[in-house]
Amino acid sequence: MQAAICNTSIERYFSELNARMADLSAGEREEFVRELRAHVLDRLQQVAEPTDGQCQAVLAALGTPEEIARQYRLEMILNRAAKSRSPLVLLRGTLRWALTGVQGFMVFIVAIVGYMTSVSFYACALMKSFFPDNVGFYVSKHGLNLAQFPHQYGHEVLQTWFIPITLVLGLLLMQGTTMLLKFLIWHFRKLKQRI
């Protein structure tokens with residue numbers, strides 16, 4: 001009788017988990033649920049005649065189906081981001097991660113600062129094409145300036161090299177940010193697995 005009650009609790013738990021993960025592909029969902037079910041059954045086999053209370057305790061130790069689905073979805077997003085070289089995929093993944101805790105928020109800030117600085121280098125190269133006399137690295141008695149509006153003050157340092165140098169800096173910063181984000185995702189996921 002107790003085993004039947006325990007099986008009912010397990011079936012109810014996993015049917016709710018399946019419902020919470022309905023937006024994922026059937027293959028991913030079935031594999032994950034199968035592994036999790038095997039884990040629950042292994043834990044319950046350690047008890048000779050599991051009661052409903054013990055069954056509920058094992059399921060409660062896993063977390064609610066909503067929490068598990070949210071964690072699994074985040075893991076899938078971070079897996080995709082870690083394998084991708086696309087800044088948009090990495091930004092989307094780190095944004096979702098930022099909503100879950102401090103580590104994710106810090107990584108998202110790194111992503112925003114790195115990618116926005118890279119985009120600003122590209123924007124400077126583009127603006128130099130339209131405003132050649134006002135955009136560049138200028139040295140004057142006031143120090144180093146990036147742009148001079150409405151009039152140019154001081155001496156332009158890079159002149160015709162400004163566009164290629166800012167494009168290369170933008171590219172290097174974009175690639176460096178991507179590599180750093182992939183490393184941080186990998187590193188924090190490894191730390192989480194050890195805990």
Side-chain angles (χ1 to χ4, degrees), residues 21-25 27-29 31-32 66-195:
M21 298 173 68
D23 59 327
L24 299 174
S25 73
E28 292 174 338
R29 185 176 63 238
E31 181 182 344
F32 177 69
E66 182 180 359
E67 292 169 345
I68 291 176
R70 185 174 49 243
Q71 289 173 349
Y72 182 72
R73 207 172 275 112
L74 178 62
E75 281 297 315
M76 294 300 294
I77 289 169
L78 290 178
N79 281 341
R80 201 172 299 125
K83 294 175 185 173
S84 176
R85 296 193 60 78
S86 168
L88 292 176
V89 172
L90 282 161
L91 270 174
R92 191 176 318 128
T94 55
L95 175 60
R96 288 287 297 266
W97 190 14
L99 299 175
T100 65
V102 175
Q103 289 177 339
F105 182 75
M106 291 185 326
V107 173
F108 179 67
I109 294 299
V110 168
I112 288 292
V113 169
Y115 286 138
M116 289 299 119
T117 306
S118 175
V119 167
S120 68
F121 277 117
Y122 290 136
C124 286
L126 182 65
M127 288 180 12
K128 179 69 170 176
S129 302
F130 293 107
F131 306 106
D133 295 332
N134 299 99
V135 176
F137 286 118
Y138 294 95
V139 177
S140 69
K141 63 181 179 179
H142 303 292
L144 182 66
N145 296 312
L146 185 60
Q148 300 286 330
F149 287 105
H151 301 291
Q152 171 182 339
Y153 297 102
H155 174 69
E156 186 177 5
V157 179
L158 298 177
Q159 297 177 357
T160 58
W161 288 97
F162 181 81
I163 292 176
I165 287 175
T166 53
L167 288 175
V168 168
L169 287 175
L171 178 66
L172 290 175
L173 192 55
M174 181 83 65
Q175 294 299 319
T177 302
T178 299
M179 290 170 49
L180 179 61
L181 290 175
K182 289 168 70 104
F183 170 76
L184 290 174
I185 290 170
W186 174 82
H187 178 70
F188 284 125
R189 285 177 58 221
K190 287 291 182 192
L191 282 179
K192 186 177 178 183
Q193 289 174 357
R194 289 182 194 158
I195 293 175

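Note that the numbering runs from 1 along the sequence shown for the chain.
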Any chance you could measure Phe32, atom CZ, to Arg73, atom CZ, to the nearest 0.5 Å?
10.5 Å

Give, for atom CZ of Phe131 and atom CG of Leu126, the distance between the pair rounded to the nearest 0.5 Å.
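Phe131 atom CZ to Leu126 atom CG measures 9.5 Å (nearest 0.5 Å).
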
Set of residues satisfying salt bridge (charged side-chain N to carboxylate O under 4.0 Å, His left out) with respect to Arg80, sequence neighbours excluded:
none

Qualifying residues under salt bridge (charged side-chain N to carboxylate O under 4.0 Å, His left out), relative to Glu66, sequence neighbours excluded:
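Salt bridge (charged side-chain N to carboxylate O under 4.0 Å, His left out) check on Glu66 returns Arg70.
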
Applying salt bridge (Lys or Arg N to Asp or Glu O under 4.0 Å), which residue pairs with at least one partner in residues 119-129 are found, sequence neighbours left out?
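Passing the test, one end in residues 119-129: Lys128-Glu156.
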
Does any N or O in the side chain of Lys182 come within less than 3.5 Å of the main-chain N or O of Thr177, such that one atom is a donor and the other an acceptor?
no

Tyr122 side chain to Leu171 main-chain N or O, any donor-acceptor pair under 3.5 Å?
yes

Any side chain to side chain donor-acceptor pair (under 3.5 Å) pairs touching residues 101-121, not counting sequence neighbours?
Tyr115-Thr178

Any side-chain heavy-atom pair of Leu74 and Leu78 under 4.5 Å
yes

Are Ser129 and Ile163 close enough that some pair of their side-chain heavy atoms sits under 4.5 Å apart?
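The answer is yes; the side chains approach within 4.5 Å.
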
If you count every heavy atom of other residues, nucleotides or ligands that lies below 6.0 Å from Phe105 atom CZ, does the total exceed 12?
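Not more than 12 within 6.0 Å, no.
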
Listed by chain and number, what are the ring-ring contact (aromatic ring centres under 6.0 Å, His included) partners of Phe108, not counting sequence neighbours?
none

Extract all donor-acceptor atom pairs below 3.5 Å that involve side chains of residues 92-101 and protein atoms in other chains or at least two apart in sequence.
| residue | atom | partner | partner atom | Å |
| --- | --- | --- | --- | --- |
| Thr94 | OG1 | Leu90 | O | 2.9 |
| Thr94 | OG1 | Leu91 | O | 3.1 |
| Thr100 | OG1 | Trp97 | O | 2.6 |

